Amino acid sequence: HLHDDDRSSIEAAIKKTVSDGSPYDARYRIFLDSGELRHIAAHGQLVYDDNNEPERLIGVCVDRTREQQHEDALAASEERYRATFEQAAMGIAHVGPDGSWLRVNQGLCDIVGYTAEELMALSFQDITHPDDLTADLELVQQILAGELKRYSLEKRYVHKAGHTVWINLTVSLIQHADGSPNYFISVVEDIQERKQAELALRRMTHQFEQLFSSE
């Protein structure tokens with residue numbers, strides 16, 4: 001009934017227990033007569049005869065198939081989340097209630113010019129344009145006070161190279177089980193090109209207005 005891929009490890013575990021008397025502790029897979037695969041956790045120890053020679057191995061086998069399926073599903077879900085987080089075209093970050101960066105993806109690093117390690121040593125306050133910081137902090141306080149579930153804000157980051165970058169920021173709060181703040185999820189969209197196009201359009205409109213007013 002033992003899965004072929006687990007046979008050598010189980011044999012090695014039994015030999016070790018017999019040789020040094022250590023408790024037997026192993027996990028393996030078996031096939032039922034129906035062909036169904038089950039996950040087993042086995043725990044045991046040696047019993048010795050009157051001559052202090054190993055006589056038999058006693059213990060228990062626990063069917064942990066459900067637990068294993070849950071662990072596998074959780075691992076798969078975490079992998080999907082990690083891939084989404086890391087490979088997203090836009091910036092994604094986990095931010096502490098104090099503004100410190102807890103986790104950042106490459107998309108955010110590309111927007112602001114910092115490496116992940118460099119960002120971890122900073123806070124969002126450190127790279128937010130001073131003229132936009134007050135509005136952002138007020139919205140953060142409203143979320144922490146329970147007045148908002150999330151907020152969106154167009155603001156500027158200061159790039160590592162010194163220039164400003166317009167972004168659209170969407171923030172929501174993840175809470176602990178007791179309702180206290182855990183961390184923010186921040187989604188950052190680079191809107192620099194759109195802002196530049198809007199500025200160019202405003203300048204063009206202003207020039208036309210001046211031209212027509214002079215005529």
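No hydrogens, no waters, no symmetry mates; every other heavy atom, side chains included, goes into these values. The first residue of the sequence shown is numbered 1, and numbering continues consecutively from there. Just so it is clear, the model here is predicted, and its values are computed rather than measured.
Under a 3.5 Å cut-off, the side chain of Asp49 and the backbone N or O of Glu55 do not form any donor-acceptor pair. Looking only at distances, a side-chain donor or acceptor of Thr65 sits under 3.5 Å from a matching main-chain atom of His39. Using modelled atom types, no side-chain atom of Asn182 and backbone atom of Leu173 make a donor-acceptor pair closer than 3.5 Å. Side-chain N or O atoms of Asn105 include one that pairs as donor or acceptor with a backbone N or O of Ile92 at under 3.5 Å. A donor-acceptor contact shorter than 3.5 Å links the side chain of Asp178 to the backbone of Ser180. A donor-acceptor pair is defined here as one N or O able to donate and one able to accept, closer than 3.5 Å; such a pair exists between the side chain of Gln192 and the backbone of Trp166.
Residue His1 holds its NE2 atom at 7.5 Å from CD1 of Ile30, rounded to the nearest 0.5 Å. Taking CG of Asp63 as the reference point, atom CD of Gln68 lies at 11.0 Å (rounded to 0.5 Å). Rounded to the nearest 0.5 Å, atoms CG (Leu46) and CD1 (Ile58) are 9.5 Å apart. Once rounded to the nearest 0.5 Å, the distance linking CD of Glu11 with CD1 of Ile14 reads 7.5 Å. In this structure, CG in Leu139 is found 9.0 Å from CG in Leu169, a value given to the nearest 0.5 Å. For the atom pair CD of Glu138 and CG of Leu133, the computed distance is 10.0 Å after rounding to the nearest 0.5 Å.
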Between Glu36 and Arg38, is the salt bridge (charged side-chain N to carboxylate O under 4.0 Å, His left out) condition met? List the steps. CA-CA 6 Å; Glu36 180 184 358; Arg38 309 296 292 181; 2.5 Å; yes
Just do the side chain to side chain contact (heavy atoms under 4.5 Å, CB included) check on Lys16 and Ser22 with the steps written out, would you? CA-CA 7 Å; Lys16 185 177 187 305; Ser22 60; 3.5 Å; yes
Kindly determine whether Asp131 and Arg156 satisfy side chain to side chain contact (heavy atoms under 4.5 Å, CB included), including the steps that lead there. CA-CA 9 Å; Asp131 292 345; Arg156 290 160 291 180; 3.5 Å; yes
Check the pair Val104, Cys109 against side chain to side chain contact (heavy atoms under 4.5 Å, CB included), reporting the backbone distance first and the verdict last. CA-CA 7 Å; Val104 299; Cys109 294; 4.1 Å; yes
Test side chain to side chain contact (heavy atoms under 4.5 Å, CB included) applied to Leu57 and Val47, step by step: CA-CA 6 Å; Leu57 184 68; Val47 174; over 6 Å; no
Run the numbers on Tyr157 and Asp132 for side-chain hydrogen bond (donor to acceptor under 3.5 Å, both in side chains), then give the verdict. CA-CA 9 Å; Tyr157 280 142; Asp132 299 334; over 6 Å; no
Before giving the answer on side-chain hydrogen bond (donor to acceptor under 3.5 Å, both in side chains), spell out for Lys149 and Ser172 the whole-Å C-alpha distance, their side-chain angles and the decisive distance to 0.1 Å. CA-CA 6 Å; Lys149 291 185 178 296; Ser172 57; over 6 Å; no
Give the C-alpha distance, both sets of side-chain angles, the deciding distance and a yes or no for side-chain hydrogen bond (donor to acceptor under 3.5 Å, both in side chains) between Ser123 and Asp126. CA-CA 5 Å; Ser123 66; Asp126 293 324; 3.2 Å; yes
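A 4.5 Å side-chain heavy-atom check between Val62 and Ile40 finds every atom pair outside the cut-off. The shortest side-chain heavy-atom distance between His159 and Thr164 does not fall under the 4.5 Å cut-off. Residues Arg66 and Glu71 are not in side-chain contact: their nearest non-hydrogen atoms beyond the backbone lie 4.5 Å or more apart. Residues Gln141 and Glu147 are not in side-chain contact: their nearest non-hydrogen atoms beyond the backbone lie 4.5 Å or more apart. Between Lys15 and Val18 there is no side-chain heavy-atom pair separated by less than 4.5 Å. Side-chain atoms of Gln125 and Leu137, non-hydrogen and from C-beta on, do get closer than 4.5 Å to each other. In this structure the side chain of Lys155 reaches within 4.5 angstrom of the side chain of Thr128, judged on heavy atoms. Residues Val95 and Leu102 form no side-chain contact, since every pair of their non-hydrogen atoms from C-beta on lies 4.5 Å or further apart.
Counting non-hydrogen atoms of other residues, nucleotides and ligands closer than 6.0 Å to NE2 of His70 gives a total of 12 or fewer. Remark: Arg194 CZ is packed, more than 12 non-hydrogen atoms of other residues, nucleotides or ligands lying under 6.0 Å away. By the 6.0 Å contact criterion, CD on Glu193 is open, its count of non-hydrogen atoms from other residues, nucleotides or ligands being 12 or less. The neighbour count for Asp33 CG, taken as heavy atoms of other residues, nucleotides or ligands under 6.0 Å away, does not exceed 12.
Shortest non-hydrogen contact noted between Glu118 and Leu122 is O-CG, 3.5 Å. Residues Arg103 and Met120 approach most closely at CA-CE, 3.4 Å, considering heavy atoms. Here the shortest heavy-atom pairing between Ala41 and Arg64 reads CB-CD, 3.5 Å. Minimum heavy-atom separation, Arg150 to Ile143: CA-CD1, 3.8 Å. Taking every heavy atom of both residues into account, Phe184 and Gly96 meet most closely at CD1-O, 3.8 Å. Closest non-hydrogen pair, Arg29 versus Leu2, comes out as O-CD1, 3.5 Å.
Note on Ile185: it does not cluster hydrophobically with Tyr151, by side-chain heavy-atom contacts below 4.5 Å among ILVMFWY residues. Taking hydrophobic clusters as Ile, Leu, Val, Met, Phe, Trp and Tyr residues chained together by side-chain heavy-atom distances below 4.5 Å, Ile167 shares a cluster with Val171. The same ILVMFWY cluster, assembled from side-chain heavy atoms under 4.5 Å apart, contains both Phe124 and Tyr114. Cluster membership for Leu144 and Tyr183, using ILVMFWY side-chain heavy atoms within less than 4.5 angstrom, is not shared. Tracing side-chain contacts under 4.5 Å through hydrophobic residues (I, L, V, M, F, W, Y), one reaches Tyr48 starting from Tyr24; they form part of the same cluster.
Judged as a ring pair (Phe, Tyr, Trp, His ring centres under 6.0 Å), and not counting sequence neighbours, His129 has no contacts. Contacts of Phe31 classified as ring pair (Phe, Tyr, Trp, His ring centres under 6.0 Å), with partners at least two apart in sequence or in another chain: His3.
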